[in-house]
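A quick write-up on the structure given underneath.
A note on names: the letters A, B, ... follow the listed sequences, proteins ahead of strands, and every chain is numbered from 1. For the numbers below, each heavy atom of this structure counts, side chains included, while hydrogens, waters and symmetry mates do not.
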Protein chains: 2
Amino acid sequence: MEEQEIKRRIIEGMKEKGLKLTRQRLEIIDIIAGEKSHPSASAILAKARNRAPMISLSTVYYTLDIMKKAGLIKELEFNDRDSRYEGDVSDHLNLVCTGCGKIEDFRAPRPVPSEKVEKKTGFRVDSARFEYYGLCRECRLGGG
Amino acid sequence: MEEQEIKRRIIEGMKEKGLKLTRQRLEIIDIIAGEKSHPSASAILAKARNRAPMISLSTVYYTLDIMKKAGLIKELEFNDRDSRYEGDVSDHLNLVCTGCGKIEDFRAPRPVPSEKVEKKTGFRVDSARFEYYGLCRECRLGGG
DNA sequence: GCTATAATTAGGAATCATTCCGAATAAAAC
DNA sequence: GTTTTATTCGGAATGATTCCTAATTATAGC
(Lines give C-alpha, C1' and ligand atoms only; values in the text may rest on other atoms or scores of the structure.)
Protein backbone atom coordinates (compact mmCIF):
# COMPACT_ATOMS: atom_id res chain seq x y z
CA MET A 1 0.00 0.00 0.00
CA GLU A 2 1.25 3.45 -0.89
CA GLU A 3 2.21 6.03 1.70
CA GLN A 4 -0.21 8.68 0.44
CA GLU A 5 -3.00 6.16 0.24
CA ILE A 6 -2.47 5.04 3.84
CA LYS A 7 -2.37 8.62 5.05
CA ARG A 8 -5.54 9.55 3.22
CA ARG A 9 -7.33 6.44 4.44
CA ILE A 10 -6.48 7.13 8.09
CA ILE A 11 -7.46 10.80 7.89
CA GLU A 12 -10.75 9.96 6.20
CA GLY A 13 -11.40 7.32 8.82
CA MET A 14 -10.78 9.79 11.63
CA LYS A 15 -13.20 12.29 10.11
CA GLU A 16 -15.86 9.63 9.62
CA LYS A 17 -15.65 8.65 13.26
CA GLY A 18 -15.78 12.28 14.36
CA LEU A 19 -12.27 12.23 15.79
CA LYS A 20 -10.43 15.52 15.90
CA LEU A 21 -7.43 16.04 13.65
CA THR A 22 -4.96 17.77 15.90
CA ARG A 23 -1.41 18.81 15.06
CA GLN A 24 -0.11 15.89 17.11
CA ARG A 25 -2.34 13.38 15.40
CA LEU A 26 -1.40 14.58 11.94
CA GLU A 27 2.28 14.13 12.86
CA ILE A 28 1.65 10.61 14.12
CA ILE A 29 -0.36 9.67 11.03
CA ASP A 30 2.40 11.05 8.82
CA ILE A 31 5.02 8.98 10.61
CA ILE A 32 3.00 5.76 10.58
CA ALA A 33 2.17 6.14 6.91
CA GLY A 34 5.74 6.99 5.92
CA GLU A 35 7.69 4.48 8.00
CA LYS A 36 8.15 0.99 6.66
CA SER A 37 9.87 0.02 9.91
CA HIS A 38 6.72 -0.62 11.95
CA PRO A 39 7.77 1.84 14.66
CA SER A 40 7.12 1.52 18.39
CA ALA A 41 5.30 4.17 20.43
CA SER A 42 8.57 5.67 21.66
CA ALA A 43 10.09 5.60 18.17
CA ILE A 44 7.04 7.53 16.98
CA LEU A 45 7.47 9.98 19.86
CA ALA A 46 11.14 10.54 18.98
CA LYS A 47 10.36 11.15 15.29
CA ALA A 48 7.49 13.47 16.11
CA ARG A 49 9.65 15.53 18.46
CA ASN A 50 12.13 16.16 15.68
CA ARG A 51 9.44 18.14 13.94
CA ALA A 52 7.05 19.41 16.60
CA PRO A 53 8.86 19.52 19.93
CA MET A 54 5.79 19.49 22.14
CA ILE A 55 4.20 16.11 22.11
CA SER A 56 3.95 13.66 24.97
CA LEU A 57 4.18 9.91 25.17
CA SER A 58 0.68 9.74 26.65
CA THR A 59 -0.66 11.45 23.57
CA VAL A 60 1.13 9.01 21.30
CA TYR A 61 -0.36 6.07 23.18
CA TYR A 62 -3.81 7.64 23.32
CA THR A 63 -3.78 8.38 19.60
CA LEU A 64 -2.50 4.94 18.63
CA ASP A 65 -5.19 3.44 20.80
CA ILE A 66 -8.11 5.25 19.20
CA MET A 67 -6.75 4.60 15.71
CA LYS A 68 -6.38 0.94 16.56
CA LYS A 69 -9.92 0.76 17.94
CA ALA A 70 -11.19 2.45 14.77
CA GLY A 71 -9.44 -0.25 12.73
CA LEU A 72 -7.23 2.31 10.99
CA ILE A 73 -3.89 0.88 12.12
CA LYS A 74 -2.64 -2.44 13.43
CA GLU A 75 -0.69 -3.15 16.59
CA LEU A 76 1.80 -6.00 16.80
CA GLU A 77 2.32 -6.99 20.41
CA PHE A 78 5.36 -8.70 21.88
CA ASN A 79 6.21 -8.95 25.51
CA ASP A 80 9.95 -8.94 25.34
CA ARG A 81 9.88 -5.67 23.40
CA ASP A 82 7.64 -2.69 22.70
CA SER A 83 4.53 -3.06 20.61
CA ARG A 84 4.97 -2.03 16.99
CA TYR A 85 2.47 -0.23 14.81
CA GLU A 86 1.71 -0.32 11.08
CA GLY A 87 -0.58 1.63 8.81
CA ASP A 88 -1.07 -1.15 6.29
CA VAL A 89 -4.09 -3.02 7.63
CA SER A 90 -4.46 -5.25 4.58
CA ASP A 91 -3.65 -8.95 4.99
CA HIS A 92 0.01 -9.72 4.80
CA LEU A 93 2.73 -11.66 6.53
CA ASN A 94 5.10 -9.89 8.92
CA LEU A 95 8.63 -11.23 9.00
CA VAL A 96 9.92 -10.47 12.49
CA CYS A 97 13.69 -10.70 12.91
CA THR A 98 14.56 -12.08 16.33
CA GLY A 99 18.09 -10.76 15.87
CA CYS A 100 17.68 -7.04 15.23
CA GLY A 101 13.94 -6.57 15.73
CA LYS A 102 13.34 -5.47 12.15
CA ILE A 103 9.90 -6.24 10.70
CA GLU A 104 9.43 -6.73 6.95
CA ASP A 105 6.20 -7.20 5.04
CA PHE A 106 5.52 -10.10 2.72
CA ARG A 107 2.43 -10.19 0.59
CA ALA A 108 0.36 -13.31 1.20
CA PRO A 109 -3.29 -14.34 1.35
CA ARG A 110 -5.13 -15.53 4.47
CA PRO A 111 -4.55 -19.22 5.10
CA VAL A 112 -8.32 -19.81 5.41
CA PRO A 113 -11.25 -17.62 4.37
CA SER A 114 -13.01 -16.07 7.37
CA GLU A 115 -16.32 -17.44 6.10
CA LYS A 116 -15.08 -20.98 6.34
CA VAL A 117 -13.95 -20.46 9.93
CA GLU A 118 -17.27 -18.87 10.86
CA LYS A 119 -19.27 -21.65 9.22
CA LYS A 120 -17.34 -24.40 10.98
CA THR A 121 -16.95 -22.87 14.42
CA GLY A 122 -19.33 -19.94 14.81
CA PHE A 123 -16.35 -17.63 15.38
CA ARG A 124 -16.73 -14.26 13.62
CA VAL A 125 -13.40 -12.94 12.38
CA ASP A 126 -12.70 -9.20 12.70
CA SER A 127 -8.98 -8.97 12.10
CA ALA A 128 -5.95 -11.14 11.63
CA ARG A 129 -2.26 -11.38 12.36
CA PHE A 130 0.30 -13.49 10.54
CA GLU A 131 3.92 -13.63 11.57
CA TYR A 132 7.02 -15.57 10.78
CA TYR A 133 9.86 -15.32 13.28
CA GLY A 134 13.46 -15.86 12.28
CA LEU A 135 16.61 -14.11 11.13
CA CYS A 136 16.70 -11.48 8.41
CA ARG A 137 19.34 -11.64 5.67
CA GLU A 138 21.64 -9.14 7.41
CA CYS A 139 21.56 -10.88 10.79
CA ARG A 140 22.04 -14.25 9.13
CA LEU A 141 25.08 -13.14 7.14
CA GLY A 142 26.48 -10.80 9.75
CA GLY A 143 25.97 -12.47 13.12
CA GLY A 144 25.94 -16.13 12.07
CA MET B 1 -2.29 -33.25 18.54
CA GLU B 2 -3.12 -35.67 21.32
CA GLU B 3 -2.55 -34.90 24.99
CA GLN B 4 -0.32 -37.90 25.62
CA GLU B 5 1.68 -37.21 22.49
CA ILE B 6 2.31 -33.59 23.51
CA LYS B 7 3.35 -34.67 26.99
CA ARG B 8 5.74 -37.30 25.71
CA ARG B 9 7.23 -34.94 23.16
CA ILE B 10 7.93 -32.24 25.77
CA ILE B 11 9.44 -34.70 28.26
CA GLU B 12 11.64 -36.24 25.58
CA GLY B 13 12.71 -32.79 24.48
CA MET B 14 13.66 -31.84 28.04
CA LYS B 15 15.78 -34.96 28.42
CA GLU B 16 17.51 -34.40 25.10
CA LYS B 17 18.48 -30.89 26.15
CA GLY B 18 19.70 -32.12 29.54
CA LEU B 19 17.00 -30.21 31.45
CA LYS B 20 15.99 -31.64 34.81
CA LEU B 21 12.54 -33.09 35.21
CA THR B 22 11.45 -31.80 38.59
CA ARG B 23 8.11 -32.35 40.29
CA GLN B 24 7.14 -28.79 39.43
CA ARG B 25 8.07 -29.16 35.78
CA LEU B 26 6.15 -32.40 35.42
CA GLU B 27 3.06 -30.66 36.82
CA ILE B 28 3.44 -27.79 34.40
CA ILE B 29 3.94 -30.12 31.45
CA ASP B 30 0.88 -32.08 32.48
CA ILE B 31 -1.24 -28.94 32.64
CA ILE B 32 -0.03 -27.54 29.32
CA ALA B 33 -0.56 -30.84 27.55
CA GLY B 34 -4.01 -31.40 29.08
CA GLU B 35 -5.49 -27.91 28.75
CA LYS B 36 -7.08 -26.88 25.50
CA SER B 37 -7.61 -23.40 26.90
CA HIS B 38 -4.10 -22.06 26.23
CA PRO B 39 -3.57 -21.09 29.88
CA SER B 40 -1.68 -18.06 31.16
CA ALA B 41 1.24 -18.32 33.60
CA SER B 42 -0.97 -17.55 36.57
CA ALA B 43 -3.67 -19.97 35.40
CA ILE B 44 -0.97 -22.64 35.27
CA LEU B 45 0.16 -21.64 38.76
CA ALA B 46 -3.39 -21.93 40.12
CA LYS B 47 -3.92 -25.37 38.56
CA ALA B 48 -0.55 -26.61 39.76
CA ARG B 49 -1.25 -25.48 43.32
CA ASN B 50 -4.41 -27.56 43.42
CA ARG B 51 -2.22 -30.61 43.17
CA ALA B 52 1.19 -29.67 44.55
CA PRO B 53 0.74 -26.72 46.89
CA MET B 54 4.33 -25.57 46.87
CA ILE B 55 5.14 -24.02 43.55
CA SER B 56 5.96 -20.41 42.85
CA LEU B 57 5.11 -18.05 40.04
CA SER B 58 8.82 -17.52 39.34
CA THR B 59 9.20 -21.23 38.74
CA VAL B 60 6.28 -21.27 36.37
CA TYR B 61 7.76 -18.39 34.37
CA TYR B 62 11.26 -19.89 34.43
CA THR B 63 10.00 -23.26 33.26
CA LEU B 64 7.82 -21.81 30.51
CA ASP B 65 10.79 -19.77 29.38
CA ILE B 66 13.19 -22.69 28.99
CA MET B 67 10.53 -24.81 27.29
CA LYS B 68 9.82 -21.97 24.92
CA LYS B 69 13.50 -21.50 24.15
CA ALA B 70 13.80 -25.23 23.53
CA GLY B 71 10.95 -24.96 21.02
CA LEU B 72 8.77 -27.34 23.03
CA ILE B 73 5.89 -24.95 23.63
CA LYS B 74 4.59 -21.76 22.07
CA GLU B 75 3.87 -18.43 23.72
CA LEU B 76 1.13 -16.14 22.46
CA GLU B 77 1.82 -12.59 23.56
CA PHE B 78 -0.74 -9.82 24.02
CA ASN B 79 -0.21 -6.62 25.87
CA ASP B 80 -3.66 -6.01 27.17
CA ARG B 81 -3.70 -9.42 28.84
CA ASP B 82 -1.33 -12.14 30.06
CA SER B 83 0.65 -14.23 27.62
CA ARG B 84 -0.91 -17.60 26.86
CA TYR B 85 0.90 -20.87 26.35
CA GLU B 86 0.18 -23.93 24.22
CA GLY B 87 1.81 -27.32 23.86
CA ASP B 88 0.78 -27.84 20.26
CA VAL B 89 3.67 -26.33 18.31
CA SER B 90 2.44 -27.56 14.92
CA ASP B 91 1.14 -24.96 12.47
CA HIS B 92 -2.42 -23.93 13.11
CA LEU B 93 -4.63 -20.91 13.37
CA ASN B 94 -5.56 -19.51 16.81
CA LEU B 95 -8.99 -17.99 17.07
CA VAL B 96 -8.70 -15.37 19.81
CA CYS B 97 -12.01 -14.14 21.22
CA THR B 98 -11.80 -10.46 22.06
CA GLY B 99 -14.91 -10.86 24.19
CA CYS B 100 -14.06 -13.56 26.72
CA GLY B 101 -10.39 -14.20 25.95
CA LYS B 102 -10.97 -17.80 24.90
CA ILE B 103 -8.54 -19.21 22.33
CA GLU B 104 -9.59 -22.02 19.98
CA ASP B 105 -7.45 -23.94 17.50
CA PHE B 106 -8.27 -24.26 13.83
CA ARG B 107 -6.28 -26.56 11.59
CA ALA B 108 -4.77 -24.70 8.64
CA PRO B 109 -1.59 -24.73 6.56
CA ARG B 110 0.98 -21.93 6.40
CA PRO B 111 -0.06 -19.20 3.99
CA VAL B 112 3.34 -19.37 2.26
CA PRO B 113 6.07 -22.02 2.43
CA SER B 114 9.09 -20.86 4.43
CA GLU B 115 11.36 -21.75 1.51
CA LYS B 116 9.59 -19.30 -0.75
CA VAL B 117 9.99 -16.51 1.79
CA GLU B 118 13.67 -17.31 2.27
CA LYS B 119 14.32 -17.44 -1.46
CA LYS B 120 12.65 -14.10 -2.11
CA THR B 121 13.87 -12.13 0.90
CA GLY B 122 16.78 -13.96 2.55
CA PHE B 123 14.75 -14.22 5.75
CA ARG B 124 15.13 -17.61 7.45
CA VAL B 125 11.93 -18.71 9.16
CA ASP B 126 12.16 -20.42 12.56
CA SER B 127 8.61 -20.33 13.84
CA ALA B 128 5.25 -18.86 13.01
CA ARG B 129 2.13 -17.41 14.53
CA PHE B 130 -1.31 -17.16 12.93
CA GLU B 131 -4.23 -15.53 14.63
CA TYR B 132 -7.73 -14.43 13.84
CA TYR B 133 -9.33 -12.00 16.28
CA GLY B 134 -13.06 -11.75 16.71
CA LEU B 135 -16.01 -13.02 18.72
CA CYS B 136 -16.59 -16.68 19.54
CA ARG B 137 -20.02 -18.23 19.09
CA GLU B 138 -20.98 -17.80 22.75
CA CYS B 139 -19.98 -14.13 22.94
CA ARG B 140 -21.70 -13.42 19.65
CA LEU B 141 -24.98 -15.01 20.70
CA GLY B 142 -24.80 -13.99 24.35
CA GLY B 143 -23.41 -10.47 24.42
CA GLY B 144 -24.50 -9.23 20.98
C1' DG C 1 21.93 -46.57 47.58
C1' DC C 2 24.98 -42.50 48.72
C1' DT C 3 27.45 -38.22 47.64
C1' DA C 4 28.82 -34.29 45.04
C1' DT C 5 27.52 -30.52 42.12
C1' DA C 6 25.34 -27.78 39.22
C1' DA C 7 20.79 -26.63 37.94
C1' DT C 8 16.46 -25.39 39.87
C1' DT C 9 13.27 -23.30 43.13
C1' DA C 10 11.02 -19.77 46.14
C1' DG C 11 9.57 -15.42 47.06
C1' DG C 12 10.33 -10.83 47.33
C1' DA C 13 12.23 -6.80 45.01
C1' DA C 14 12.97 -4.42 40.66
C1' DT C 15 11.77 -3.25 35.97
C1' DC C 16 9.46 -0.95 32.43
C1' DA C 17 5.92 -0.55 28.82
C1' DT C 18 1.50 0.93 29.18
C1' DT C 19 -2.51 2.99 31.44
C1' DC C 20 -4.65 6.23 34.37
C1' DC C 21 -5.54 10.82 36.34
C1' DG C 22 -6.91 15.75 36.66
C1' DA C 23 -6.14 20.15 35.06
C1' DA C 24 -5.10 22.95 30.98
C1' DT C 25 -5.72 23.41 26.03
C1' DA C 26 -7.57 23.57 21.40
C1' DA C 27 -10.47 21.58 17.37
C1' DA C 28 -14.91 21.91 15.53
C1' DA C 29 -19.72 23.48 15.42
C1' DC C 30 -22.69 27.26 15.70
C1' DG D 1 -15.79 34.85 18.18
C1' DT D 2 -17.75 31.79 21.67
C1' DT D 3 -18.92 27.46 23.43
C1' DT D 4 -18.50 22.70 24.07
C1' DT D 5 -16.24 18.71 24.53
C1' DA D 6 -12.53 15.93 23.14
C1' DT D 7 -7.69 16.04 23.48
C1' DT D 8 -3.22 16.87 25.49
C1' DC D 9 0.28 16.83 29.06
C1' DG D 10 3.22 14.93 32.45
C1' DG D 11 3.54 12.57 36.39
C1' DA D 12 1.83 8.84 39.18
C1' DA D 13 0.00 4.13 39.24
C1' DT D 14 -0.35 -0.48 37.42
C1' DG D 15 0.85 -5.13 36.70
C1' DA D 16 2.94 -8.81 34.08
C1' DT D 17 7.39 -10.32 33.79
C1' DT D 18 12.25 -10.50 35.11
C1' DC D 19 15.87 -10.39 38.35
C1' DC D 20 18.24 -11.69 42.59
C1' DT D 21 20.08 -14.71 46.29
C1' DA D 22 19.99 -18.36 49.38
C1' DA D 23 18.14 -22.90 49.96
C1' DT D 24 16.90 -27.12 47.68
C1' DT D 25 17.02 -31.18 44.70
C1' DA D 26 17.59 -34.02 40.30
C1' DT D 27 21.14 -36.38 38.19
C1' DA D 28 25.67 -38.58 37.41
C1' DG D 29 29.31 -41.13 39.22
C1' DC D 30 30.89 -43.89 42.79
Nucleotide nearest [X] (side chain, heavy atoms from C-beta), chosen from [options]:
X        : options                 : value
Gln24(A) : dT18(C), dT8(C), dT8(D) : dT8(D)
Lys20(B) : dA6(C), dA17(C), dT8(D) : dA6(C)
Ser58(A) : dA26(D), dC9(D), dT7(D) : dC9(D)
Thr59(B) : dT7(D), dT9(C), dT27(D) : dT9(C)
Thr22(B) : dT8(C), dT19(C), dC9(D) : dT8(C)
Tyr62(A) : dT8(D), dA7(C), dA10(C) : dT8(D)

If you measure from the Lys or Arg side-chain nitrogens to the Asp or Glu carboxylate oxygens, is any gap between Asp30(B) and Lys47(B) under 4.0 Å?
no
Could you tell me which non-hydrogen atom of Leu76(B) sits nearest to which non-hydrogen atom of Ile103(B), and how far apart they are?
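Heavy atoms only, the tightest pair is CD1-CD1, 4.1 Å.
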Tell me which of Leu19(B) and Arg49(B) sits closer to the 5' end of DNA chain C, going by the nucleotide each one is nearest to.
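Result of the comparison: Leu19(B).
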Please name the residue in the list Val89(A), Leu95(A), Asp88(A) that meets the side-chain contact (heavy atoms from CB on, under 4.5 Å) test with His92(A).
Asp88(A)
Would one find a side-chain N or O of Arg23(A) under 4.0 angstrom from OP1 or OP2 of dT7(D)?
no
May I ask you to evaluate whether Ser56(A) reaches the phosphate of dC9(D), defined as a side-chain N or O under 4.0 Å from OP1 or OP2?
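Ser56(A) to dC9(D) OP1/OP2: side-chain N or O found under 4.0 Å.
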Do Ile28(A) and Ile66(A) share a hydrophobic cluster (ILVMFWY, side-chain heavy atoms under 4.5 Å, transitive)?
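Yes, one cluster joins them.
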